[in-house]
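Naming convention: chains lettered A, B, ... in sequence-line order (proteins, then strands); numbering from 1 in each chain.
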There are 2 protein chains.
Amino acid sequence: MATISDVVKRSGISKATVSRVINNHPHVSKEKREKVLAAMKELSYTPNPTARRMRGQLNTTVGLVVHRVVNPYFSYLMDAIERKAAEHNIRVIFFQSKEDKQKEFEFLDLLKQKQVDGMILTTVANSVEDIRPYLEYGPIVFCNEYLRIDDVPIVRISEEDAAFTGVTHLLEEGYRNIAYCTGGLFADEGKDRDRNTGFRKAMEAKQLSINPEWVFIDQHSIEDGRTVMKKITEMDNKPDAIFTGSDEVAAGMTIAAREYGVKIPEDLAVLGFDDQPLCLLTSPQLSTIHQPIEEMGSLAAELIIKLFKGEKLEQLEYELPIKLVKREST
Amino acid sequence: MATISDVVKRSGISKATVSRVINNHPHVSKEKREKVLAAMKELSYTPNPTARRMRGQLNTTVGLVVHRVVNPYFSYLMDAIERKAAEHNIRVIFFQSKEDKQKEFEFLDLLKQKQVDGMILTTVANSVEDIRPYLEYGPIVFCNEYLRIDDVPIVRISEEDAAFTGVTHLLEEGYRNIAYCTGGLFADEGKDRDRNTGFRKAMEAKQLSINPEWVFIDQHSIEDGRTVMKKITEMDNKPDAIFTGSDEVAAGMTIAAREYGVKIPEDLAVLGFDDQPLCLLTSPQLSTIHQPIEEMGSLAAELIIKLFKGEKLEQLEYELPIKLVKREST
DNA sequence: TTGTATGCGTTATCAT
DNA sequence: ATGATAACGCATACAA
């Protein structure tokens, strides 16, 4: 690879001036500028990014933390982020934290070491207090997380609105005995607070009470969905609809339904969450809450790029709209 | 961040010796070594990777080219690669080429610029001749590609064996009118040559001829699968089984089958390829060819890491075994 | 407008 | 065994 010194030799012009040309600085005579440009072209010179980074002048790499790549929610997010980044010639280093606090720290350290110039966190295991110190070393953007840190932009959906919309849809379809499934806990605090609130409000709006037997916590996978369906078939007092909070769980329920002879939606209506491609594969096809993943990823990338450029953000909280998609399962 | 100079100040020991300690060089007295170590700990010093890279002493970043993240085949590959890399403290910069030759070049340039220290290509759009020059700048490993370059290790499955096994399975189940679907062309050369050969050989082994009407080329997506199924329903002379070459295509066929009232496998047996999670979601569940994606990714990562360390590979071609998974669709 | 000299944080060379 | 110093490739303060 040709270096700046090679260009100096070739053009007979000083290093400083060559550097000025490279960085489009003013105060360079047209004549010299052209000579330099010519030499650069002849040598097919490209500035060495490592050297630039050493000088602290380079912002071209963003770190991306996801939970797991194979989770379609995250892979669609990664897709959108990478595409937007590539448009701007930004590279993406990705990392699967699997919610491991220690690993998350190790990856965040890349920010300290200037291996990456900013971070997009789509999942975060550590607490606000643990994350905050890293802000000193570079910008961070949250994407799809509940965490709030002043000064840290966050892109997400309104979980409360999503749950409210979903449950209200079930109620409008005439179901009254609504079961509820969550990936977290059915608590008033923490990550799932807002979604739980949406569920409560939708039920209250129809003066319906919540049956605690029909609340399932910590459900994520297709396998979990099968188990939930099994449990429901074993109940004396059965719900007639379920808000699953996850397409995977909902899909698992459709599989188990076939095995147990449960008819969806006649015996039990099932509502997914995310609008993943698998919604079209199950039988029946899943009604679900569509998340604007594409837009979320794209926006998160745009925000971090703006911060790279030193631009101020006019807004810190971006709440993107969800949409109910009715198919066959409700 | 503390630098080596801070350690020098703190310990009162020269830069050279401090560096020796950092890099575990011999010829350092126990006494000084301990002093340095103490200073390092007190300052929570970490060597600056960028500076090390400048010196040309750092191998910690691998570039990973995939077609698209959202394709489960690739996301499972990425998962395996990232996990193995993380074990060894190697970072992964990923990039979606979408088979764009120009973009592929731009990403390969990271190798030239020493932004990455090696590359894993899981898809490659350019020709052997175009890729070869990059070898000068760092190691490359192919994973799942047909391309052959002497000196470039490749991890893959035997496409011929896979197709042969799949088609033979259909024949053994008693089907005789076998349709064939490929993501590429039905040509004697190029990427899909081996898979096509496997199909031919399996048919020849039973003295069966191939019906060109039943050969579908350039089929990839769920949508493609629907189209294929539609076409088959419109045929006078229908096949009784199909080797799809893709779980997505096979899944699309199950959806269309429901719409057209085609029974799988009674009217038409459908065999997928890859063994993606969606095989369990369709109705009926898909029989398929299981690809050892996990092992492929893991091995590819191991190979590049060995090359980083300057180790010699005892082998350049790694052909991993496939496996037939029989479910409900055949 | 242009060029010289310096520093970014390392590691390696060469003395001592 | 230890330390002073050069070098990696670049951008900039300062001088001219």
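Terminal axes of the helix from C/dT1-D/dA16 to C/dT16-D/dA1 (five pairs each, C1' rotation axis) are separated by 50°, to the nearest 10°.
Comparing C/dT2, C/dG3, D/dT2 by their closest approach to the side chain of B/S14 singles out D/dT2.
In this structure, B/K114 atom NZ and D/dC10 atom P are separated by 14 Å, rounded to whole Å. At whole-Å resolution of the value, CD in B/Q113 and C1' in D/dC10 are 14 Å apart. Nucleotide C/dG3 holds its P atom 10 Å from the NZ atom of A/K35, rounded to whole Å.
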* Structure fact -> Heavy-atom contacts, protein to nucleotides 6-16 of chain C, under 4.0 Å, summarised as B (base), S (sugar-phosphate only) or - (none) per nt, yield -BBBBBB-B--

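In this structure a side-chain-to-backbone donor-acceptor pair under 3.5 Å is missing from B/E311 to B/K309. Listed for the B/S75 side chain is a donor-acceptor partner under 3.5 Å among the backbone atoms of B/P72. In this structure, the side chain of A/H67 does not engage the main chain of A/T123 through any donor-acceptor pair within 3.5 Å.
Proximity of A/K30 to the phosphate of C/dT1: no side-chain N or O atom is located under 4.0 Å from OP1 or OP2. At least one side-chain nitrogen or oxygen of B/T17 sits closer than 4.0 Å to the OP1 or OP2 atom of D/dG3.
Electrostatic pairing of A/K84 and A/E87 counts as a salt bridge here, judged by a charged N lying under 4.0 Å from a carboxylate O.
Residues passing the side chain to side chain contact (heavy atoms under 4.5 Å, CB included) test with B/N59, sequence neighbours excluded: B/D117, B/F308.
Side-chain contact between B/I93 and B/L64: absent, with no pair of heavy atoms (C-beta onward) separated by less than 4.5 Å.
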